[in-house]
Amino acid sequence: MKRVILHVDMDAFYAAIEQHDNPALKGKPVVIGADPKEGSGRGVVSTCSYEARKYGIHSAMPISKAYKLNPGAVFIRPRMARYREVSDHIMDIFSRYSPSVEPLSLDEAFLDCSNSGRLLGTPVEIGEKIKAEIFRETGLTASVGIAANKSVAKIASDLHKPDGLTFCPEGEERHFLEKLDISKLWGVGKKSRERLIALGFLTVGDIAKAQPETMRSLMGKPGFWLWCMANGIDERDVARERSERKSMSLEVTFSSDLDDYSELVPTIKYLCDKLSWSLREEGLKARTVNLKLRYEGFETITRSFTFLNYVDDYTTLQQTVFDLMEKSPSSGRKIRLIGVGYTNLADADDEFQGDLFENSLANEEKKKDSIIDTMRGRFGFKVTRASLLEKPEKSCKKKR
Ligand code: TTP
Ligand code: MG
């Protein structure tokens, strides 16, 4: 195989850590997320153990619904510091197997093991060694997908969860993918799935058989990328995290809690403008956008969205933050703090092969950003956009 790409994803990550740290929870339905308050709690499920999934509980479901599905489950609030500690540990294990490790979130990463074969064995042996090492050192199981490229490896790791190892030999990608539901393709969420089904595409094979031009005319550039993935074509490199900076964010605590969401709009725009400008100023680009909201009474939630390619423009950031706002629990709750952030950073001039999912809207917006950046280079951040003339809550705090 020319390239050997592994995608490793931990099983029921937060829930598995809780079961490991408290063995009395092993074998039980465990739900990590907001306080269910006996069915009246707001907020959502972060994740749950496989035992809880049998009741239909899953990530992002309202916690009140999870409670109704199984009131007897063990509900636990997340312990992020502990999850980050385990994440650092597994990332350290990955680095023993490859110099090219690309983390996608706390519990998953791509590894390029193309040159590890002579020392470590066949692709499947490498996958088995990594799984065994994770289990020995953390007591947790992971699922591994192995293929000649990233998108097939990512699809593969999900096929035999938990504790799975799935290998797709080079040249067999089309056959490997053809029967799978289109939702298995990276980036196909609920809405795109409905749209594709309405167009007559049910399986990955249906997309693979279409003409690339048809897919492009139906779905735009992402349609072409879907066609490539469906045919097992993905030239993107595993991107090492080269940037020293891991994240960047800005937040504002309001002088009095806000209950009218429309009052947040100017502040969100202001934060997005300032943050995306700082990102470009530092010569960086980012794949993940994060939103943090703190409600009255101090409950804090975070939401994030990861793009397939890198972004750095104001409009994409702003639209993503508004989308994330829509997914956040809101009704009747006052907001005390709002924060926006970027993670998954890379140097702006790093080339990533196959930034196929390039967003033409983002390209247009980039031109506007570069005009503003040039003016700000001379006059500072006080140069502003016409759309931002409404007064935001200004005293924001920069976080590293
Ligand atoms: P996932 O890898 O998507 O899920 P998982 O590891 O819990 O389960 P699986 O075996 O299916 O991989 O996400 C990793 C962690 O990220 C998860 O344990 C909790 C967190 N998370 C959220 O907080 N909210 C979410 O909506 C999702 C999907 C994950
Ligand atoms: Mg996982």
Side-chain angles (χ1 to χ4, degrees), residues 6-21 25 28-36 42-63 65-66 73-91 93-94 102-111 127 130-131 134-135 138-145 153-166 183-184 186-190 288-293 299-306 320 323-329 341 343-344:
L6 274 73
H7 179 254
V8 186
D9 187 305
M10 303 297 291
D11 302 318
F13 189 50
Y14 298 180
I17 293 173
E18 297 300 341
Q19 288 178 319
H20 170 268
D21 291 358
L25 298 177
K28 293 197 176 145
V30 173
V31 181
I32 314 299
D35 185 345
R42 284 183 285 206
V44 294
V45 173
S46 300
T47 191
C48 60
S49 64
Y50 278 78
E51 293 84 356
R53 294 183 196 194
K54 288 184 196 146
Y55 295 85
I57 302 172
H58 59 75
S59 293
M61 166 182 280
I63 200 79
K65 185 164 178 203
V74 183
F75 289 86
I76 299 176
R77 247 52 66 234
R79 294 186 297 147
M80 291 311 300
R82 172 73 180 128
Y83 309 151
R84 265 191 287 273
E85 183 180 85
V86 181
S87 174
D88 288 346
H89 190 161
I90 58 168
M91 296 297 161
I93 295 175
F94 299 158
E102 179 183 343
L104 292 179
S105 68
L106 284 185
D107 87 323
E108 63 179 310
F110 286 114
L111 283 68
I130 293 176
K131 276 166 62 77
I134 292 174
F135 189 73
T138 69
L140 303 172
T141 62
S143 294
V144 175
K154 182 153 166 77
I155 291 168
S157 71
D158 196 44
L159 289 184
H160 297 109
K161 263 185 169 292
D163 204 14
L165 190 152
T166 309
S183 60
K184 296 283 176 195
W186 201 352
V188 177
K190 217 171 136 195
T288 304
V289 169
N290 305 297
L291 167 73
K292 172 170 160 186
L293 288 175
E299 189 202 340
T300 308
I301 62 145
T302 55
R303 292 287 175 274
S304 66
F305 182 80
T306 299
T320 311
D323 286 349
L324 292 171
M325 282 291 295
E326 275 184 23
K327 289 182 192 145
S328 311
T343 44
N344 265 325

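Counting starts at 1 for both ligands and their atoms, following the listed order. What you see below is based on every heavy atom in this structure, not just the backbone, and it leaves out hydrogens, waters and symmetry mates. Residue numbers run from 1 in the order of the sequence given.
Leu104 is not listed as a side-chain neighbour of Thr306, based on a closest heavy-atom distance of 4.5 Å or more. Looking only at side-chain heavy atoms (C-beta outward), Phe94 and Ile130 come within less than 4.5 Å of each other.
Under 4.0 Å from ligand 1, the heavy atoms of Met10 that appear belong solely to its backbone.
Pairing each heavy atom of Ala142 with each of Val8, the nearest pair is CB-CG1, 3.9 Å. When all heavy atoms are compared, the tightest approach of Gly43 to Ala34 is CA-CB, 3.8 Å. Contact detail for Met91 and Ala109: the closest heavy-atom pair is SD-CB, 4.1 Å.
Shown here, atom 3 (O) of ligand 1 is out of close reach of the protein: none of its heavy atoms lies under 4.0 Å off.
Formation of a donor-acceptor pair under 3.5 Å by the Arg303 side chain with backbone atoms of Met325 is not found in this model. In this structure a side-chain-to-backbone donor-acceptor pair under 3.5 Å is present from Gln19 to Lys28.
In this pair, Tyr14 and Tyr83 present their aromatic rings parallel. The plane angle is below 30°, not in the 30 to 60° band.
Atom 18 (O) of ligand 1 has Tyr14 N, 3.0 Å as its closest protein atom, hydrogens excluded (heavy atom only). The nearest protein atom to atom 29 (C) of ligand 1, hydrogens excluded, is given as Ser46 O, 3.6 Å; this is a heavy-atom distance.
Ligand 1 is never approached by Tyr83 to a heavy-atom distance shorter than 4.0 Å. Residue contact check for ligand 1: Ser105 places no non-hydrogen atom closer than 4.0 Å to it. At least one heavy atom of Lys161 sits less than 4.0 Å from an atom of ligand 1.
Numbered from 1 in the order shown, with element, the atoms of ligand 1 that lie under 4.0 Å from a heavy atom of Thr47 read 5 (P), 7 (O), 17 (C), 18 (O), 19 (C). Against a heavy-atom cut-off of under 4.0 Å, Tyr50 is close to the following atoms of ligand 1: 9 (P), 10 (O), 11 (O). Each of the atoms 25 (C), 26 (O), 27 (C), 28 (C) of ligand 1 lies under 4.0 Å from some heavy atom of Ser59. Against a heavy-atom cut-off of under 4.0 Å, Asp9 is close to the following atoms of ligand 1: 2 (O), 12 (O).
Between Ala15 and ligand 1, a contact under 3.5 Å exists for no N or O pair. For a threshold of 3.5 Å applied to N or O pairs, the pair formed by Arg53 and ligand 1 contains at least one separation below that value. The shortest N or O to N or O distance between Phe13 and ligand 1 is below 3.5 Å.
A salt bridge is absent between Asp9 and Lys154; no separation between the charged side-chain nitrogens and carboxylate oxygens falls under 4.0 Å.
When OD1 of Asp9 and OD2 of Asp107 are joined through the Mg ion (ligand 2), the resulting angle is 100° to the nearest 10°.
Side-chain contact of Asn290 with Thr343: a donor-acceptor pair under 3.5 Å is present, judged by distance alone. Inspection of the Thr141 and Asp163 side chains reveals no N or O donor paired with an N or O acceptor under 3.5 Å.
Distance check for Ser143 against the Mg ion (ligand 2): none of its N/O/S atoms falls below 2.8 Å.
Of all the listed residues (Asp107, Asp163, Ile301, Asp158), Asp107 holds the heavy atom that lies closest to atom 1 (P) of ligand 1.
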